[in-house]
Amino acid sequence: MNTIVALIDFSDVTAKVLNQARESAKLYGDRVILMHFVPKEPVVIDLGIVSPIILKAPSEERIKADYEILLSYRDSLAKAGIVVLIRQLLDGNVNKILKDCLRWDAELIIMGSHHHSPLYNLIFGKFTKDIFKRAHCPVHIVAGDES
């Protein structure tokens with residue numbers, strides 16, 4: 001069975017990733033796995049002039065809300081006759097995602113790209129680049145809208 005993994009983050013590029021997954025599944029794949037990791041939630045520590053932001057684990061409400069969104073995406077692809085599985089992760093690091101893709105024998109990974117500043121990339125890493133460089137299979141990167 002051919003497997004396509006679509007990494008989605010519920011941003012403005014998600015619709016494009018889903019459309020690409022739909023079209024690719026019609027051409028090449030027998031199933032699509034929608035993978036989403038629930039991001040940590042930023043919390044500002046008020047210390048006056050310097051107020052650092054720390055990241056805490058997502059709340060149960062956030063996890064449930066994200067899962068409901070995943071279900072709706074699954075249902076929309078299933079209506080097009082595509083076999084769809086969903087995978088929600090609480091720890092969405094590159095190693096975990098690539099390990100899952102390898103375990104499912106993914107033949108294609110589809111993901112979106114955001115146009116972040118060099119400072120953002122320095123602080124938060126280069127997720128898309130790391131997936132692209134280390135994946136065991138082809139990676140299709142769908143460009144987001146430039147702002």
Side-chain angles (χ1 to χ4, degrees), residues 1-44 52-147:
M1 174 177 282
N2 294 329
T3 300
I4 297 168
V5 173
L7 304 177
I8 55 175
D9 62 2
F10 304 165
S11 69
D12 58 347
V13 76
T14 296
K16 290 180 176 182
V17 171
L18 291 171
N19 286 334
Q20 186 61 53
R22 179 183 302 110
E23 294 306 313
S24 295
K26 288 179 183 176
L27 292 173
Y28 310 113
D30 295 325
R31 72 175 173 181
V32 171
I33 298 173
L34 297 179
M35 189 185 304
H36 168 71
F37 68 89
V38 182
K40 293 184 178 183
E41 298 175 343
V43 177
V44 176
I53 297 175
I54 62 168
L55 299 174
K56 69 173 190 166
S59 66
E60 287 297 319
E61 295 80 23
R62 173 69 186 267
I63 294 167
K64 287 179 183 178
D66 280 12
Y67 193 75
E68 291 298 319
I69 295 169
L70 264 179
L71 290 174
S72 70
Y73 290 148
R74 178 202 64 191
D75 294 346
S76 71
L77 289 176
K79 287 179 184 175
I82 298 167
V83 176
V84 185
L85 305 173
I86 56 176
R87 175 92 162 110
Q88 184 177 37
L89 304 170
L90 297 182
D91 179 14
N93 66 57
V94 171
N95 290 333
K96 172 85 171 145
I97 289 169
L98 291 176
K99 185 178 177 182
D100 277 1
C101 289
L102 189 59
R103 187 180 73 222
W104 291 319
D105 203 20
E107 295 186 26
L108 177 65
I109 299 171
I110 301 172
M111 63 187 300
S113 175
H114 302 282
H115 302 283
H116 293 301
S117 70
L119 178 60
Y120 178 95
N121 289 331
L122 178 66
I123 295 170
F124 294 105
K126 298 175 183 157
F127 183 84
T128 303
K129 181 179 176 184
D130 288 345
I131 293 287
F132 186 74
K133 285 174 60 175
R134 296 177 44 204
H136 73 282
C137 63
V139 178
H140 182 117
I141 299 175
V142 178
D145 295 329
E146 272 193 67
S147 15

Can you tell if the side chain of [X] reaches within under 4.5 Å of the side chain of [Y], non-hydrogen atoms only?
X: Arg22; Y: Lys26; value: yes
X: Met35; Y: Cys101; value: yes
X: Arg134; Y: Val94; value: yes
X: His140; Y: Leu108; value: yes
X: Ile141; Y: Met111; value: yes
X: Val38; Y: Leu89; value: no
X: Cys137; Y: Glu107; value: no
X: Ile4; Y: Ile33; value: no

Separation of [Y] [atom2] from [X] [atom1] (nearest 0.5 Å):
X: Ile109; Y: Leu7; atom1: CD1; atom2: CG; value: 6.0 Å
X: Thr14; Y: His36; atom1: OG1; atom2: NE2; value: 8.5 Å
X: Ile110; Y: Asn19; atom1: CD1; atom2: CG; value: 10.5 Å
X: Arg87; Y: Ile8; atom1: CZ; atom2: CD1; value: 13.5 Å
X: Leu34; Y: Leu70; atom1: CG; atom2: CG; value: 6.5 Å
X: Glu23; Y: Leu18; atom1: CD; atom2: CG; value: 12.0 Å

Measure from the side-chain N and O atoms of [X] to the backbone N and O of [Y], and report whether any donor-acceptor pair falls under 3.5 Å.
X: Asp30; Y: Asn2; answer: yes
X: Ser76; Y: Tyr73; answer: yes
X: His136; Y: Ala106; answer: yes

CA sep, side-chain torsions, deciding dist, call: Ile97, Phe37, side chain to side chain contact (heavy atoms under 4.5 Å, CB included): CA-CA 9 Å; Ile97 289 169; Phe37 68 89; 4.0 Å; yes
Neighbour count above 12 (heavy atom, 6.0 Å) for Phe10 CZ: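 Counting other residues, nucleotides and ligands, CZ of Phe10 exceeds 12 neighbours.
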Quick check: closest heavy atoms across [X] and [Y], and the distance to 0.1 Å?
X: Ile63; Y: Pro58; answer: CD1-O, 4.0 Å
X: Trp104; Y: Arg31; answer: O-NH2, 3.7 Å
X: Asp9; Y: Ser11; answer: OD1-OG, 2.7 Å
X: Ala6; Y: Ala21; answer: CB-CB, 4.1 Å
X: Val84; Y: Ala78; answer: CG2-N, 4.0 Å

Pairs satisfying salt bridge (charged side-chain N to carboxylate O under 4.0 Å, His left out), at least one member in residues 61-72, at least two apart: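 Every pair satisfying salt bridge (charged side-chain N to carboxylate O under 4.0 Å, His left out) with a residue in residues 61-72: Arg62-Asp66.
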